[in-house]
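See below for the structure under consideration.
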Amino acid sequence: MRVRTYPVAVCVLAALLTGCQSAPGGGTGREDRPGERRTATASPAPARPSGYGAVFLAIDECSSFGRTSFTEVSCASERAAARVVARHDGTVRDGPRCPATTDFVLHISEQRPSSDEDGDGAVPQGYACMRNLQPPHPGDPGGGGGPRTIVGDCVHDLGDGKVRETACDGTGERKPQYKVTKAVDSRSECPASTALYVRLGGTTPVGCARPV
């Protein structure tokens with residue numbers, strides 16, 4: 001079994017923060033899902049990457065993951081746990097959004113090994129949008145996690161004007177109180193049953209949520 005590692009620091013952003021505001025007569029809240037961080041193992045990189053392609057964690061490549069570290073591995077390996085569904089240079093804040101059903105995001109710090117004279121071993125700053133090879137999929141609608149809030153997701157009230165995403169089937173730590181049923185351009189397009197407006201971002205940035 002071949003395993004390729006790079007001297008890069010990788011961390012997981014389990015969730016990006018989004019905002020919620022109440023509809024007239026409805027609940028209030030702002031989604032606030034703190035992220036968790038994990039760091040990748042590091043070892044000297046070869047001058048010319050081989051085995052999985054020239055880009056670390058390119059699209060359709062896989063990573064293993066544990067409690068504290070991640071390593072790129074063959075997708076056929078028994079250690080493979082998640083697949084890259086999108087890969088971008090730069091930062092999440094400035095770059096393209098991950099696909100809606102992304103389970104988690106790996107952030108890759110820039111590394112330019114001094115031993116690398118032709119640039120082949122350099123790894124630019126970037127991020128990989130990951131999808132677990134096996135369930136559970138927290139990024140699925142109603143899954144209770146993922147870096148994006150999408151139609152079909154549920155949230156619960158944290159108090160003090162805040163809400164947090166939770167599994168719609170009630171298996172999370174907290175029971176769902178609202179469900180995002182529609183994504184629209186503006187609040188005026190939400191149905192009358194809307195009790196909460198959820199900031200989704202993207203081309204249809206407003207989520208219309210109703211009580212469950």
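Start at 1 with the first residue, then count along the sequence. Hydrogens, waters and symmetry mates play no part in the numbers below; they use all other heavy atoms, side chains included.
- Residues meeting the side chain to side chain donor-acceptor pair (under 3.5 Å) test with Thr171, sequence neighbours left out: Asp169.
- At a threshold of 4.5 Å between non-hydrogen side-chain atoms, the residues Cys98 and Tyr127 count as touching.
- Between Arg83 and Asp103, none of the side-chain N atoms (NZ, or NE/NH1/NH2) sits under 4.0 Å from a carboxylate O, so this pair counts as no salt bridge.
- Across Gly172 and Ala167, no two heavy atoms sit closer than the pair N-CB, 4.0 Å.
- Nearest approach of Arg87 to Gly126, heavy atoms of both residues: NH1-CA, 4.0 Å.
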Extract all donor-acceptor atom pairs below 3.5 Å that involve side chains of residues 202-212 and protein atoms in other chains or at least two apart in sequence.
none

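- Evaluation of the side-chain contact (heavy atoms from CB on, under 4.5 Å) rule for Pro141 yields Thr101, Ile150 as partners, not counting sequence neighbours.
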- [ ] Begin from the C-alpha positions of Glu165 and Val198 and carry the test side-chain contact (heavy atoms from CB on, under 4.5 Å) through to its verdict.
- [x] CA-CA 11 Å; Glu165 188 175 331; Val198 182; over 6 Å; no
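- Listed here is the closest heavy atom pair of Ala80 and Cys62: CB-CB, 4.1 Å.
- Note that CZ of Arg174 is 7.5 Å distant from CG of Asp157, once rounded to the nearest 0.5 Å.
- Linking Ile, Leu, Val, Met, Phe, Trp and Tyr residues whenever their side-chain heavy atoms come within less than 4.5 Å leaves Val85 and Val105 in two separate clusters.
- The distance from the OG1 atom of Thr181 to the CG atom of Asp153 is 12.0 Å, given to the nearest 0.5 Å.
- A 4.5 Å side-chain heavy-atom check between Asn132 and Pro138 finds at least one atom pair inside the cut-off.
- Ala183 approaches Leu200 most closely through the heavy-atom pair CB-CD1, 3.7 Å.
- Here the CG-CG distance, from Leu106 to Leu57, works out to 6.0 Å after rounding to the nearest 0.5 Å.
- The minimum heavy-atom distance between Lys175 and His156, with the atom names listed, is O-CB, 3.3 Å.
- Between Arg79 and Ser64, the shortest heavy-atom contact is O-CB, 3.1 Å.
- Remark: Ser188 pairs with Ser186 by the side-chain contact (heavy atoms from CB on, under 4.5 Å) rule, at least two apart or across chains.
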Show me the donor-acceptor pairs within less than 3.5 Å that the side chains of residues 88-95 make with the rest of the protein, sequence neighbours left out.
{"residue": "Thr91", "atom": "OG1", "partner": "Asp94", "partner atom": "N", "Å": "3.3"}
{"residue": "Thr91", "atom": "OG1", "partner": "Asp94", "partner atom": "OD2", "Å": "3.2"}

